[in-house]
There are 2 protein chains.
Amino acid sequence: MTVERMPASLGGATSHGHLLELIRSADGLSRQQLLSTTGMSRATLYERLDTLTRRGYIYEAEPLGSTGGRPSRKIRFQDRGRVVLALTLGQTHGTVSITDTTGRQLRSETFALEISAPADSVLLPLVEEGRKLLEQGSDETLLGIGVSLPAPVEAGTGHVKHQTTIPGWSPDSVVRAVKATWDLPLVIENDARAAALGERASDAETVVYVKVGTGIGCGIVVEGSILRGAHGSAGDIGHIRMSADGPLCRCGRHGCLAAYSSGRALRDRLGHLGLTKIDDISAAAGTGDPEVLQALSDAADVLGRALAATVTTLNPDRLVLGGQIGGLPDFVEKVSSRVLTDVVERIAEGMVVEAGHPEDLAACHGLTTLVMRKIFAPDAVDQLFADEAESAAG
Amino acid sequence: MTVERMPASLGGATSHGHLLELIRSADGLSRQQLLSTTGMSRATLYERLDTLTRRGYIYEAEPLGSTGGRPSRKIRFQDRGRVVLALTLGQTHGTVSITDTTGRQLRSETFALEISAPADSVLLPLVEEGRKLLEQGSDETLLGIGVSLPAPVEAGTGHVKHQTTIPGWSPDSVVRAVKATWDLPLVIENDARAAALGERASDAETVVYVKVGTGIGCGIVVEGSILRGAHGSAGDIGHIRMSADGPLCRCGRHGCLAAYSSGRALRDRLGHLGLTKIDDISAAAGTGDPEVLQALSDAADVLGRALAATVTTLNPDRLVLGGQIGGLPDFVEKVSSRVLTDVVERIAEGMVVEAGHPEDLAACHGLTTLVMRKIFAPDAVDQLFADEAESAAG
DNA sequence: AAACTTTCGTCTAAGCATTAGACATAAGCC
DNA sequence: GGCTTATGTCTAATGCTTAGACGAAAGTTT
């Protein structure tokens with residue numbers, strides 16, 4: 001006799017990992033609902049739920065309203081007291097955050113730092129602060145750690161690629177600094193990419209996140225996954241060439257987007273006003289200084305022209321701007337209008353151009369998403385259960 | 001007692017579908033090799049192979065060389081006599097091809113057509129020619145049909161999107177025209193996207209395919225899958241705006257890439273030489289007409305500038321040029337040099353810029369890939385087996 | 001030609017996960 | 001208290017998968 005099965009896509013959630021995934025995605029399902037959505041037998045499902053409960057993956061939450069008989073109880077993903085530590089490093093500041101499993105910040109501290117300093121001198125204070133922040137919580141369990149950097153990161157290993165922004169750091173400096181304190185799942189990602197992931201609303205969306213701070217970074221998320229390209233340089237839009245004879249860029253070429261629109265370029269242009277820091281510029285923009293506003297407008301216009309090409313190539317649902325410069329309302333407004341006029345209507349329509357969440361929050365959220373994915377990926381969970389069963393038997 | 005299992009990624013090929021996938025990807029594996037790679041038991045594997053053989057999915061091929069004992073026999077995916085029909089429609093020509101399961105053309109015929117004519121008057125002759133070509137083969141089984149169009153196509157349904165190039169076609173005109181003759185798996189795709197897929201070498205690569213014919217099309221393949229974007233307009237680079245006050249484009253705006261570099265733009269520029277067709281231009285380029293060469297060079301230069309932005313955004317492994325204009329050696333050369341100078345070295349290095357296979361072949365290959373994927377996707381095969389088992393039991 | 005080696009093909013008993021379904025209990029509603 | 005629905009546990013049956021045996025097949029080596 002053959003059993004009626006659900007289409008594999010929806011409910012063939014037979015394994016522990018997929019069942020957990022189902023519970024984690026739906027916020028609270030009753031046993032009854034799980035039985036019908038998965039199509040599993042009572043005995044099997046209960047065994048699975050039992051195991052997942054015993055191992056602390058799920059718990060039984062409040063009852064749902066009764067429909068006449070005994071009320072069912074929600075089964076929930078065990079997120080109570082589970083936290084992720086996110087270290088988001090920028091060029092000049094770093095934030096240490098404790099987040100819940102959905103990426104919401106619970107506690108955080110921001111510090112000044114100099115990213116070009118030796119790796120350990122930058123990282124160890126942050127790690128130490130992480131330890132302190134963790135101690136402030138009661139009954140919290142740390143699940144994993146995420147670190148974002150304003151530099152290219154190798155996809156699989158999390159190694160820092162040798163590059164101008166972080167000259168002295170060895171590839172595995174972050175891994176070592178963190179692993180020395182916590183032997184837990186660790187994810188390292190470029191800051192713009194982490195923020196892009198943190199800004200995405202649904203898994204179906206294509207999001208382009210552009211960070212304009214000291215430099216220009218960009219993260220592209222297509223259907224929930226980060227676009228990396230052949231050598232991990234996808235989204236390196238700061239070096240789109242806007243003209244053959246433009247200003248000199250740090251990369252040695254002329255006319256790069258970053259030489260027009262980055263915070264560094266603005267600082268150079270506005271240096272004579274005594275604005276020596278990027279934050280000075282955003283502050284001056286707030287006061288309405290006309291020269292500053294004009295400079296921002298020019299920068300935004302060039303960026304908008306470049307992004308028009310990027311947007312035309314990718315047809316995203318959303319274009320999100322962030323960073324100290326990128327997030328300024330006037331800047332967003334100007335970029336938006338330029339992009340929307342330069343992009344053909346078919347692509348522009350329905351696309352949202354907007355300022356992102358405060359940068360740390362976005363990156364923090366993205367990092368938590370990555371950490372959670374790494375730990376609770378169905379296959380990873382199944383593997384873990386299989387390994388434990390094996391070692392118990394062997 | 002617990003069984004040692006292979007890592008799920010590699011060999012956990014327990015189901016019929018995944019086993020078939022494994023056999024299909026490796027070209028000829030012995031039973032012995034299958035046993036060790038999958039980790040399945042002899043009995044189970046043999047049952048699976050038996051079923052797959054009985055249903056005509058696989059067959060036993062020639063023996064491998066002996067290593068001292070009885071030689072093993074290769075198990076092969078059943079591709080003998082299996083063909084796919086590919087209809088590749090351009091603006092002015094259409095090709096009907098019979099391909100083997102790897103996408104290699106076996107027989108083909110090319111016709112002149114006018115894409116702006118009513119759908120049925122374009123499609124029915126091609127379908128009829130397809131029937132004739134199929135009759136020429138002996139002992140061939142048609143697995144499915146692929147159709148590529150020089151117009152946007154809706155991803156899931158294969159419906160033609162209402163657009164300027166094909167004004168009179170109803171969304172489902174292609175589906176109806178084909179399904180009336182063959183009730184088989186059908187895939188409909190945009191021509192540049194099909195070609196992009198047809199050009200890809202490995203599933204790990206990111207490939208940007210740019211077709212310069214009458215218009216400019218572009219297909220982007222990331223890790224084997226086609227990038228579509230929010231409304232399916234990803235890769236619509238013909239309307240990247242190259243200047244605010246450039247020539248008028250058909251879309252009503254000024255300065256679009258297509259107004260500089262498309263075959264149509266070249267034809268307009270070279271009209272006074274009596275070159276009224278795109279093919280005339282490529283012919284004249286072959287004879288070395290200096291005015292034509294200069295026009296091509298200019299067009300290529302602008303395209304190269306636009307592609308530099310696209311390439312910087314995506315960091316592809318390969319940039320492939322195709323189409324009547326795009327495939328011209330001088331054109332490729334010029335685009336390549338412009339892209340490679342405009343793109344920052346980190347991205348340019350390792351990237352290959354090259355002319356694609358003749359356009360029909362690439363699109364044809366891509367279509368076959370899509371049809372084969374649709375039919376032999378592991379899940380689809382498993383579903384089929386499950387359904388049949390159920391109906392046999394019920 | 002005989003011995004050797006390796007694969008092939010089939011079969012069996014055992015193991016294990018999963019299932020259908022029974023049965024008792026719990027809990028809210030009328 | 002009766003009704004209804006969900007929960008919790010248990011059992012026999014089912015059926016897929018496995019380990020492993022066994023012999024035949026088909027080459028190589030001696």
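Predicted, not measured: the structure shown is a model, and the values here were computed from it.
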Review point. Which is true for R42(B) with a 4.0 Å heavy-atom rule: it touches a base, it touches only sugar-phosphate, or it touches nothing?
Key: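 Base contact - R42(B) has a heavy atom under 4.0 Å of at least one base atom.
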
Starting the side chain at C-beta, find the nucleotide from [options] nearest to [X].
X      : options                  : answer
A43(A) : dC10(D), dT7(D), dT18(C) : dC10(D)
T44(A) : dT9(D), dT18(C), dT17(D) : dT18(C)
P71(B) : dA26(D), dT18(C), dC8(C) : dA26(D)
T67(B) : dA26(C), dT6(C), dA20(C) : dT6(C)

[X] has an atom [atom1]; how far is it from atom [atom2] of [N], in whole Å?
X      : N       : atom1 : atom2 : value
Q32(A) : dA27(C) : CD    : C1'   : 14 Å
M40(B) : dC16(D) : CE    : P     : 13 Å
L49(A) : dA6(D)  : CG    : P     : 16 Å
L45(A) : dA20(C) : CG    : C1'   : 15 Å
R48(B) : dT18(D) : CZ    : P     : 8 Å
L35(A) : dG8(D)  : CG    : C1'   : 12 Å
E60(B) : dA26(D) : CD    : P     : 11 Å
Y46(A) : dT19(C) : OH    : C1'   : 15 Å

Review point. So, K74(A) side chain and L64(A) main chain: donor-acceptor pair closer than 3.5 Å or not?
Key: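 No, because the side chain of K74(A) does not come within donor-acceptor range (under 3.5 Å) of the backbone of L64(A).
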
Practice item. Please check the phosphate of dG8(D) (OP1 and OP2 only) for any side-chain N or O of R31(A) closer than 4.0 Å. Key: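 True: R31(A) side-chain N/O within range (under 4.0 Å) of dG8(D) OP1/OP2.
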
Review point. What pair of heavy atoms forms the shortest contact from R76(B) to I23(B), and how long is it?
Key: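 Closest approach of R76(B) to I23(B): C-CG2, 3.8 Å.
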
Point to revise | Contact nearer the 5' end of DNA chain C, comparing S41(A) with P63(A) | key: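 By nearest-heavy-atom nucleotide position, the 5'-most residue is S41(A).
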
Exercise for review: Please determine, by modelled atom types, if R80(B) and Q78(B) share a side-chain donor-acceptor pair under 3.5 angstrom.
Suggested key: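 Yes, because at least one side-chain N or O of R80(B) sits under 3.5 Å from a partner of the opposite role on Q78(B).
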
Check your understanding: Do S36(A) and Q32(A) have a side chain donor and acceptor closer than 3.5 Å?
Key ->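 Checked: S36(A)/Q32(A) side chains show no N/O donor-acceptor pair below 3.5 Å.
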
Check your understanding: Of G68(A) and D50(A), whose nearest nucleotide on DNA chain D comes first from the 5' end?
Key ->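 The residue whose closest nucleotide sits nearer the 5' end is G68(A).
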
Exercise for review: Given salt bridge (charged side-chain N to carboxylate O under 4.0 Å, His left out), test E135(A) with R107(A) step by step and report yes or no.
Suggested key: CA-CA 11 Å; E135(A) 279 169 11; R107(A) 306 186 287 286; over 6 Å; no

